[in-house]
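Keep in mind that this is a model prediction, so the values were computed, not measured. Numbers restart at 1 for each chain; the letters A, B, ... are given by sequence-line order, proteins then strands.
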2 protein chains.
Amino acid sequence: MARPRSFDPNDVLDIARQMFWQKGFQATSLDEITAASGVAKPSLYAAFGDKNALFLKVLDRYHDGILGWAERVLAQPGSARDAIRQWLTGFIPYCSGEKGQRGCLSINSAADGSLDRAEIRKSIERYNRRLEELLRARLRADRAQFGRGFDPDVTAHTIMVVHAGLLALAHQSPESRRVKSVIDQVMNLVA
Amino acid sequence: MARPRSFDPNDVLDIARQMFWQKGFQATSLDEITAASGVAKPSLYAAFGDKNALFLKVLDRYHDGILGWAERVLAQPGSARDAIRQWLTGFIPYCSGEKGQRGCLSINSAADGSLDRAEIRKSIERYNRRLEELLRARLRADRAQFGRGFDPDVTAHTIMVVHAGLLALAHQSPESRRVKSVIDQVMNLVA
DNA sequence: GTTGTTCTGTACTTGATAGTAAATAATGGA
DNA sequence: TCCATTATTTACTATCAAGTACAGAACAAC
């Protein structure tokens, strides 16, 4: 009925994610996104709204990707211990070495005081809540396998904290060996 | 011999710290610092150099403050366990509630991709290294009090990760009760 | 083809901000 | 009192980025 889009919005979101992740929200200009994606500004504005709205879409997509993956890993058969260890281990490449340098887009965004707080906060809160729920549900399901004093709720939260800490320190590009040793030690709490 | 300074540089650094901490590097303009401190831009440039240099001085000062406090707390008599627990507990006000919202200036800066990486990184790396050294030294000193499999080096690093995680999640303003429960649980690893 | 609609590209406006030039004020010393 | 020196003040420049106006292109329906 009219001229069709010449680009795939998801492609643009992926490119924008990469740039926001690497350089942060403020330091990434729409001109750069335009240059990298080949999509001119008026098209970006038409498709996504202003810069904040674009960023929010990028962030939501990022969150959905991680949550989807967490759901898959944590739904695996076997013990909760193994599932959670595997889940944490999967982050090692993102917590170490060159790739770790950029950290986690969600944590970076939470730390970026320049962002329009209200909506970003909501997105991040929702993400963290759902992630913690996945962990908590998995731990509760396997409750029988744990010791008497085991508290799945507190443990789920502690794992969230460790997860955030590993990704916060990822900016230093630590060796993956060190990340692994922390995971190993923390897994002692899941027993 | 010449006209004296009309302001105390440390006062300005404290004001700038507060603003950088709250709003981030990019979103804090020199005009705002000028307005808040009453010191005009040319004086800021003369005293501190450009915006990056000013920020670096603020960050170094921030690091020194925390390190000095950590040294005092961790040097206390008594067990390493108690000292470290007390050290972590001291962060609770900064990890929860309203005050937690701004997180940690150091972690925020590491996450801010817009900063001139090289020098900021160096400052943060040095800070983390020294902090971890303090923890490690304290744990090693009390080695005899711990179980056979206890590894002070790994444990010191794990505490660093938990510490970073609590401050990374502080932006959500969690209840202090939750922060405390994580500290309690993690202290089980120091045994 | 023609037409109505939606997308695209160029070029622009507007606002903000890092950094600076130059004149002026304040001090200690000769 | 005057000078040399350093700080301050005001005003400016230059740059860069967000957002937009408008003309033209690409499609579907008829």
Rounded to whole angstrom units, what separation is found between the [atom1] atom of [X] and the [atom2] atom of [N]?
X       : N      : atom1 : atom2 : answer
A:Tyr45 : C:dG9  : OH    : P     : 16 Å
A:Phe48 : D:dA18 : CZ    : C1'   : 17 Å
B:Asp31 : C:dG15 : CG    : P     : 16 Å
B:Gln26 : C:dA16 : CD    : P     : 16 Å
A:Lys51 : D:dT20 : NZ    : P     : 15 Å
A:Phe55 : D:dA18 : CZ    : P     : 13 Å
B:Lys23 : C:dT17 : NZ    : C1'   : 12 Å
A:Leu44 : C:dG9  : CG    : P     : 10 Å

Spacing of B:Asn108 atom CG and A:Asn108 atom CG [to the nearest 0.5 Å]: 10.0 Å
Parallel, tilted or perpendicular: rings of [Y] and [X] (30°, 60°):
X       : Y        : answer
A:Phe55 : A:Phe25  : perpendicular
B:Phe91 : B:Trp69  : perpendicular
B:Trp87 : B:His163 : tilted

Under 4.0 angstrom, heavy atoms only, what part of the nucleic acid is A:Thr28 near: base, sugar-phosphate, or nothing? sugar-phosphate
Protein-to-nucleotide contact annotation, 5' to 3' order, nucleotides 1-14 of chain D [B base; S sugar-phosphate only; - none; under 4.0 Å, heavy atom]: ----BBBSBB----
Cut-off 3.5 Å, side chains only: do A:Ser181 and B:His157 have a donor facing an acceptor? no
Shortest non-hydrogen contact between A:Phe48 and A:Ala53, atoms and distance: O-CB, 3.2 Å
